[in-house]
Amino acid sequence: MNLSELSEQEIFRRNSLDEMRKLGINPYPAEAYEVNVSNKEILDQYKPELNNYQEVSVAGRVMNRRIMGSASFAEIQDQTGRIQIYIKRDDICPGEDKTLYNTVFKKLLDIGDIIGVTGYVFTTQMGEISIHVHELKVLSKSIRPLPIVKEKDGQIFDAFTDPEQRYRQRYVDLIVNPSIKDVFIKRAMIINTMREMFNSKGYLEVETPILQPIPGGATARPFISHHNALDMPLYLRIANELYLKRLIVGGFEGVYEFSKDFRNEGMDRTHNPEFTVMEIYVAYKDYNWMMDFTEEMIERVALALHNTTQVIFGDKVIDFKRPFRRITMIDAIKEYTGIDINGMDENQLREVCKSLEIELMPSMGKGKLIDEIFGEKCEPHFIQPTFVIDYPVEMSPLCKKHRTNPELTERFELMVNGKELCNAYTELNDPIDQYERFKDQLALSEKGDDEAMFIDYDFVRALEYGMPPTSGMGIGIDRLTMIMTNQVSIQDVLFFPQMRPEKKAKLDDASAYTDLGIAVEWIPVLQKLGFTKIENLKQSSAGKLFNDLCGFNKKNKLGLANPTMDDVKKWVEQ
RNA sequence: GAUCUAGUAGCUCAGCUGGUAGAGCACAUCCCUUUUAAGGAUGGGGUCCUGGGUUCGAAUCCCAGCUGGAUCACCA
């Protein structure tokens with residue numbers, strides 16, 4: 001980084017940094033700064049009649065300054081919010097030397113700097129609770145200007161809204177749009193509420209491998225990595241289901257994991273390549289029990305966040321009050337299409353799809369056809385939380401067959417706002433059946449389905465030792481957070497959503513310049529003037545270039561020794 | 001992957017049918033002891049995303065690319 005690449009404002013700030021050091025002020029001090037109260041606590045608890053908070057010490061980022069002669073106001077922002085501070089020259093500079101106020105505060109400090117102040121709380125004539133400062137300390141100098149956002153009575157002026165910048169520089173977004181912190185605080189509350197519930201019921205939080213030799217537990221394309229020492233591929237997990245079930249085999253009767261999973265697929269408003277899922281497995285339970293459990297969990301989450309089961313999402317109100325509606329997939333299709341597909345064979349189902357104008361692929365089997373009908377005609381209608389149960393067996397290779405109908409499985413999905421939120425099974429624990437289902441997946445894979453499951457022989461071996469009847473459930477934490485915080489984009493519930501890398505313009509190497517006899521210190525100047533490639537330089541006029549260089553040097557006070565006209569001619573003409 | 005749309009000062013944006021790049025905030029200098037998005041005066045600040053093309057002349061029109069966003073497709 002050098003001066004010619006910086007904006008004017010950045011140069012001013014770097015100069016301020018040097019000035020501070022010359023005055024003996026360390027702009028980045030090492031020692032701790034003791035804070036004894038938060039801004040929010042002062043604003044909530046200060047009462048003039050109690051005369052409380054008369055010795056406070058707070059720290060935060062300067063977000064606003066109004067300087068007037070020998071007294072000034074500023075606002076500093078800590079994690080809890082902003083408070084106004086009042087600084088009077090003769091208070092922070094009681095002696096003859098007024099440098100701290102006149103120079104440090106008025107000239108060298110900027111919006112964005114982090115400072116600590118001590119003083120007493122009072123109310124201004126305008127009625128605003130403020131801190132009357134008697135000591136001020138620089139804690140960290142900011143040398144890059146923040147976007148300036150102003151706000152009055154809830155109306156925002158010049159909001160920082162560009163999504164690209166907000167996601168790429170989330171730290172800036174969090175500073176200038178503090179309200180977005182709320183989404184992430186709620187996200188943590190969701191996770192904490194679930195964890196407390198599971199722990200109170202005696203289930204064990206566990207960790208299972210993220211790097212897996214066989215990516216199992218779901219149908220999705222994985223990210224592939226490589227282990228050098230073992231010289232073998234390893235996959236980032238697409239799910240953790242098979243490992244959690246191994247722990248049930250091992251004798252734990254309730255295990256859960258909040259797990260980052262990874263899927264190498266498209267990205268859009270509801271998909272990020274890495275995402276968070278909670279999966280839980282409980283022994284000696286079935287999917288009916290798990291529906292009750294899921295209802296309880298979701299209702300608790302809604303109450304923890306909103307103190308009510310009614311949650312606003314867009315223009316809808318979604319009510320998470322128990323019990324949720326339950327409907328079989330076949331009944332759902334009957335409800336929304338009027339067609340009873342019960343007992344139909346593959347050809348009959350194809351006819352149904354045609355009559356409903358659903359696009360088909362020849363490779364689709366019976367289960368896939370039913371799933372298409374449901375996805376097209378039913379799924380979007382389930383706005384209020386609804387358990388859709390009893391899915392076709394072909395769709396669910398890890399799920400136990402239905403106790404009364406072998407073509408179905410004991411599976412449910414929880415639909416909210418027309419989208420899947422949870423997925424749960426009575427888990428398949430028949431090792432021979434499981435092996436057969438894996439083999440069916442292998443057949444699919446050989447037909448070219450690159451998402452079909454791998455056979456996990458070790459998992460089958462585990463089942464052969466015997467797994468108790470078990471029910472398991474998975475829930476997408478990102479999507480749950482979206483619904484609970486009224487966000488339509490997954491990028492708004494992830495601090496750092498995946499983005500394409502920023503691309504920097506390609507510059508010619510420094511040696512290309514020095515080869516022409518150009519001094520190193522002039523290279524950035526030339527680049528700033530647009531000569532990022534030697535070719536461009538050779539096409540320019542020596543006279544103009546000479547003028548531009550000397551002018552740039554003077555204007556930016558770089559203090560470089562100007563080249564001679566002959567030098568410049570040589571560069572251009574070589 | 002397809003279609004649409006956007007990229008101009010640190011930030012938010014204007015810039016019409018091509019003709020010397022603008023505003024507000026921020027920044028700098030000076031004045032001001034209680035201001036409430038915005039005190040007054042003055043001033044500086046630009047690779048108009050990149051590269052081609054059309055033209056006497058391109059921020060503006062055309063083509064390609066890069067990076068976003070929206071919709072759709074694919075995908076649990």
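Letters A, B, ... mirror the listed sequences (proteins, then strands); counts begin at 1. Since the structure is predicted, the reported quantities are computational estimates derived from the model, not experimental observations.
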Peer 1: Anything under 3.5 Å between a protein N or O and an N or O of nucleotides 4-14 of chain B, put it in a table, one pair a line.
Peer 2:
residue, atom, partner, partner atom, Å
G10(B), N7, Gln9(A), NE2, 3.4

Peer 1: In terms of side-chain heavy atoms, does Arg82(A) have a donor or acceptor partner in Asn39(A) at a distance below 3.5 Å?
Peer 2: no
Peer 1: Under a 3.5 Å cut-off for both distances, is A9(B) Watson-Crick or wobble paired, and to whom?
Peer 2: none
Peer 1: Taking CZ from Arg479(A) and P from A76(B), how many angstroms apart are they, rounded to a whole number?
Peer 2: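 That distance rounds to 12 Å.
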Peer 1: Within 45° of the axis and under 6.0 Å from the centre of the six-membered ring of Phe105(A), does NZ or CZ of Arg65(A) qualify?
Peer 2: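 Arg65(A) over Phe105(A) ring: yes.
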Peer 1: Tell me whether the guanidinium CZ or amine NZ of Arg170(A) lies under 6.0 angstrom from the six-membered ring centre of Phe496(A) and within 45° of its axis.
Peer 2: no
Peer 1: If I take atom CD1 in residue Ile358(A) and atom P in nucleotide A73(B), what distance separates them, rounded to the nearest angstrom?
Peer 2: 13 Å
Peer 1: Indicate whether OP1 or OP2 belonging to C30(B) is found under 4.0 Å from a side-chain N or O atom of Lys107(A).
Peer 2: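 The answer is yes; a side-chain N or O of Lys107(A) sits under 4.0 Å from OP1 or OP2.
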Peer 1: CD of Gln487(A) versus P of G69(B): gap in Å, rounded?
Peer 2: 15 Å
Peer 1: Find the partner of A28(B): check Watson-Crick (N1-N3 plus N6-O4 or O6-N4) and G-U wobble (N1-O2, O6-N3) distances, both under 3.5 Å, and reply none if neither fits.
Peer 2: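 Answer to the pairing question: U42(B), which forms a Watson-Crick or G-U pair with A28(B).
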Peer 1: Would you measure the distance from the C1' atom in G39(B) across to the matching atom in C25(B) and give it in whole Å?
Peer 2: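 Straight-line distance between the two C1' atoms is 15 Å.
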Peer 1: Heavy-atom distance under 4.5 Å between the side chains of Ile490(A) and Arg269(A), does that happen here?
Peer 2: no
Peer 1: May I ask you to evaluate whether Arg269(A) reaches the phosphate of G69(B), defined as a side-chain N or O under 4.0 Å from OP1 or OP2?
Peer 2: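 Looking at the OP1 and OP2 atoms of G69(B), neither is under 4.0 Å from any side-chain N or O of Arg269(A).
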Peer 1: Go through the side-chain N and O atoms of Asp91(A) and Tyr101(A) and say whether any donor and acceptor fall under 3.5 Å apart.
Peer 2: no
Peer 1: State yes or no: are the ring centers of Tyr336(A) and Phe382(A) separated by less than 6.0 Å?
Peer 2: yes
Peer 1: In this structure, how many angstroms lie between the P atom of A76(B) and the CG atom of Asn240(A), rounded?
Peer 2: 18 Å
Peer 1: Checking side-chain polar atoms at under 3.5 Å, does Glu257(A) have a donor or acceptor matched by the opposite partner on Asn240(A)?
Peer 2: yes
Peer 1: In whole angstrom, what separates Ile11(A)'s CD1 from G44(B)'s P?
Peer 2: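 To the nearest whole Å, that distance equals 17 Å.
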Peer 1: Are there any protein N/O atoms within less than 3.5 Å of an N/O atom in nucleotides 32-38 of chain B, and if so, which ones and at what distance?
Peer 2:
residue, atom, partner, partner atom, Å
C32(B), N3, Gly69(A), N, 3.2
C32(B), N4, Gly69(A), N, 3.3
U34(B), O2', Gln125(A), OE1, 2.6
U35(B), O2, Arg66(A), NE, 2.4
U35(B), O2, Arg66(A), NH2, 2.8
U35(B), N3, Gln84(A), OE1, 3.2
U35(B), N3, Gln84(A), NE2, 3.3
U35(B), O4, Gln84(A), NE2, 2.5
U35(B), O4, Thr124(A), OG1, 3.3
U36(B), O2, Glu128(A), OE1, 2.9
U36(B), N3, Glu128(A), OE1, 2.7
U36(B), O4, Thr124(A), OG1, 2.9
A37(B), OP1, Lys152(A), NZ, 2.9
A37(B), OP2, Lys152(A), NZ, 2.3
A37(B), O4', Glu151(A), O, 3.4
A37(B), O2', Lys150(A), NZ, 3.4

Peer 1: Mind calculating the distance between CZ (Phe12(A)) and P (A28(B)) to the nearest angstrom?
Peer 2: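 Between P of A28(B) and CZ of Phe12(A): 7 Å.
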Peer 1: Between Met267(A) (CE) and A76(B) (C1'), how many Å, whole number?
Peer 2: 17 Å
Peer 1: Just to verify, which of Tyr53(A), Tyr86(A), Phe73(A) counts as forming a ring-ring contact (aromatic ring centres under 6.0 Å, His included) with His132(A)?
Peer 2: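 Only one of Tyr53(A), Tyr86(A), Phe73(A) forms a ring-ring contact (aromatic ring centres under 6.0 Å, His included) with His132(A), namely Tyr86(A).
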Peer 1: Whole angstrom is fine here: how far is it from CD1 in Ile475(A) over to C1' in A76(B)?
Peer 2: 14 Å
Peer 1: With a 3.5 Å limit on both atom pairs, tell me what C4(B) is paired to, counting Watson-Crick and G-U wobble, or say none.
Peer 2: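 Answer to the pairing question: G69(B), which forms a Watson-Crick or G-U pair with C4(B).
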Peer 1: Do the rings of Phe459(A) and Phe438(A) sit parallel, tilted or perpendicular, given the 30° and 60° boundaries?
Peer 2: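 Perpendicular.
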